[in-house]
2 protein chains.
Amino acid sequence: MHSHAAVALFVRRILLRSVVSPGEVQALSGLEGRRVQASRGQDLVLPGHGVHHATLLVSGLLARFDQMADGRRQITALHIPGDMADLHSVPMPLPAWGIQALVPSVVLQIPHGDLRGLAERKPAIAMAFWRDTVADASILAKWTANLGRADAVTRTAHLICEMGMRMEAHELDQRHDFALPITQAQLADALGLTTVHVNRTVSTLRQECGVLFEQGRVRVGDWTGLVRRGNFDDGYLMLDVKA
Amino acid sequence: MHSHAAVALFVRRILLRSVVSPGEVQALSGLEGRRVQASRGQDLVLPGHGVHHATLLVSGLLARFDQMADGRRQITALHIPGDMADLHSVPMPLPAWGIQALVPSVVLQIPHGDLRGLAERKPAIAMAFWRDTVADASILAKWTANLGRADAVTRTAHLICEMGMRMEAHELDQRHDFALPITQAQLADALGLTTVHVNRTVSTLRQECGVLFEQGRVRVGDWTGLVRRGNFDDGYLMLDVKA
DNA sequence: CGGCACATTGAAGGTGGTCAAATGGGGTGG
DNA sequence: CCACCCCATTTGACCACCTTCAATGTGCCG
């Protein structure tokens, strides 16, 4: 995918939740950045290190993560193409989290200055950016709730539903058949489980809801069953708000 | 505490992380809202219900929470006086979360329109609000990481350190002796544990680090030990960024 | 063909959950 | 002023989900 196509994806993502004038859309579409290739497992942003650009994912899969003292990681967000993985860093350039490529990925590093300038000149864009980080926080809150109160199978089912819905909402794929090139170890870091238990959990969902992880894609045989199993309600994704 | 004093606290909280001109400080200080008294356990905002005001805590203790299908709750944030518990709702007036008073509390309900208007007229204030919600999200990410990867005692120690540091940073109390009128059942909802296990965990911390919960206050005998026990590093609280 | 990373399976153990009951404290009403 | 009740805390016994440790299977790529 070309860089400007990624910017277009990002703009579409913004338009999903915010009303922005044509002129402002154009200003957004004109954003440019440095194209960077990341290898599998590479850290693009290290926890506690300052950054001067935001990371727009062009292709691949990114994870925002927090690191424990002993090096173990907890993934706190997954990002698909078109996502600005750390729009947060615009108002807060010294993040506590890091960003990692889960597969070989291409990103566009967009200077904070450009984004901040845009936000300062156009209040509607400032509000749209703010809204985007709030939607991100809403997802994070749901992850927190699931980690605290849902068991392994429920959590896993919920995550699969979430990623399917997001892929579909961003018009990248269909909810029951979408790209998610993630290993079980990486899933474990996202779900707060061990690799071994993720394996058993995935196997349960394969039997119960026809969930298949194959060749970097997820296919869901029984979507309704999976939604029920994961107690999934997409309200928190903020997909139908328009403000 | 008087309402205008609460607004002053809020302004000070904003100034903790953002540089704002005197004129803008004055505009912020002029914010007004409806004063509302909440009883213990009362829900001020219900999950999935629209709101038209933001909730500034004057006195007491608030929790943002997510609710499971069976009614069990997971607290995703604790708010102390001076906190705007749902500044998020300004750009996103249909939140998936709810807000609950953990003790009898007084809040100021500030109309979204006033806050949005302020943000639209003053880009620096828009940025300051955005920054505030990002700091909130940073705390949320840390909770996620701890729920996913830290055991009960570590999580509890971490939460106590966090609340102590926040109380001190907001100049409400000292880190080793501060107001936190929370029951063990409420702590359980915040820590993703059961009441019974919170009791055992708190008892462990009482022995190991001299942590006492008494009359709505927390006193910490061995702060350094507690920090070590909770793997606490305050970077994620974003207390020393100024932008 | 060999190496490596990932997936899968088995067995045993531990952290935290569940169920149940006792203790303690603060407020209210008799 | 005491009795009572409600709620929170505390403790014990048992159980289960998930972890840990270890080994085997499998697909991809050099």
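Please read all numbers here as calculations on a predicted model, not as lab measurements. Sequence lines set the chain letters: A, B, ... in the order given, protein chains first and strands last, and positions in each chain run from 1.
- A salt bridge is absent between B:Asp189 and B:Arg72; no separation between the charged side-chain nitrogens and carboxylate oxygens falls under 4.0 Å.
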Between the protein and nucleotides 25-30 of chain D, which nitrogen or oxygen pairs are less than 3.5 angstrom apart?
none

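- Under the 4.0 Å criterion applied to side-chain N and carboxylate O atoms, B:Asp222 and B:Arg229 are not assigned as salt-bridge partners.
- A donor-acceptor contact under 3.5 angstrom links the side chains of B:Thr144 and A:Thr144, judged on distance only.
- Contact between A:Leu57 and A:Ser105 at its shortest, heavy atoms only, is CD1-CB, 4.0 Å.
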Find every protein N or O atom lying less than 3.5 Å from an N or O atom of nucleotides 22-24 of chain C, and list the pairs.
none

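- In this structure, A:His197 places its NE2 atom 19 Å from P of C:dG13, rounding to the nearest Å.
- Within the nucleic acid shown, B:Val196 comes within 4.0 Å of at least one base atom, counting heavy atoms only.
- Between the side chains of A:Asp136 and A:Thr133, no donor N or O sits under 3.5 Å from an acceptor N or O.
- Enclosure of atom CZ in A:Arg34 is not indicated, since only 12 or fewer non-hydrogen atoms of other residues, nucleotides or ligands lie within 6.0 angstrom.
- Rounding to whole angstrom units, CZ of residue B:Arg200 and C1' of D:dA8 are separated by 15 Å.
- Counting to the nearest Å, the C1' atom of D:dT19 and the CZ atom of A:Arg72 are 11 Å from each other.
- Salt-bridge formation is not detected for the pair B:Arg149/A:Asp66: no Lys NZ or Arg NE/NH1/NH2 atom is positioned less than 4.0 Å from an Asp or Glu carboxylate oxygen.
- Between A:Arg64 and A:Asp86 there is no salt bridge, since no side-chain nitrogen of the basic residue lies less than 4.0 Å from a carboxylate oxygen of the acidic one.
- Non-hydrogen atoms lying under 4.0 Å from DNA chain C are contributed by B:Asp151, B:Ala152, all within residues 148-159 of chain B.
- Contacts between residues 182-193 of chain B and DNA chain C, counted as heavy-atom distances below 4.0 Å, involve B:Gly192, B:Leu193.
- A:Gln215 CD: 12 or fewer foreign heavy atoms inside a 6.0 Å radius.
- B:Glu162 places no side-chain N or O within 3.5 Å of a backbone atom of B:Leu159 that could act as its donor or acceptor partner.
- Taken over five-pair windows at either terminus, the axes of the helix from C:dC1-D:dG30 to C:dG30-D:dC1 are inclined to one another by 30° (rounded to 10 degrees).
- When atom types are taken as modelled, the side chain of A:Gln184 and the backbone of A:Val196 share no donor-acceptor pair closer than 3.5 angstrom.
- OP1 or OP2 of D:dT9 has not a single side-chain nitrogen or oxygen of B:Asn199 nearer than 4.0 Å.
- Between the side chain of A:Ser89 and the backbone N or O of A:Met92 there is no donor-acceptor pair closer than 3.5 Å.
- Closest approach of B:Leu62 and B:Ala85 over heavy atoms only: CD1-CB, 4.0 Å.
- Pairs passing the ring pair (Phe, Tyr, Trp, His ring centres under 6.0 Å) check and including a residue from residues 133-192 of chain B, sequence neighbours excluded, read B:His158-B:Phe232, B:His158-B:Tyr236.
- When rounded to the nearest whole Å, the span between CG of A:Asp70 and P of D:dT19 equals 14 Å.
- Neither OP1 nor OP2 of D:dC6 sits under 4.0 Å from any side-chain N or O of B:Arg40.
- Note on B:Arg175 versus B:Asp234: no salt bridge recorded, every NZ/NE/NH1/NH2 to OD/OE distance being 4.0 Å or above.
- An OP1 or OP2 oxygen of D:dT9 is reached within less than 4.0 angstrom by no side-chain nitrogen or oxygen of B:Arg206.
- Side-chain polar atoms of A:Thr204 and A:Gln207 form no donor-acceptor pair below 3.5 angstrom.
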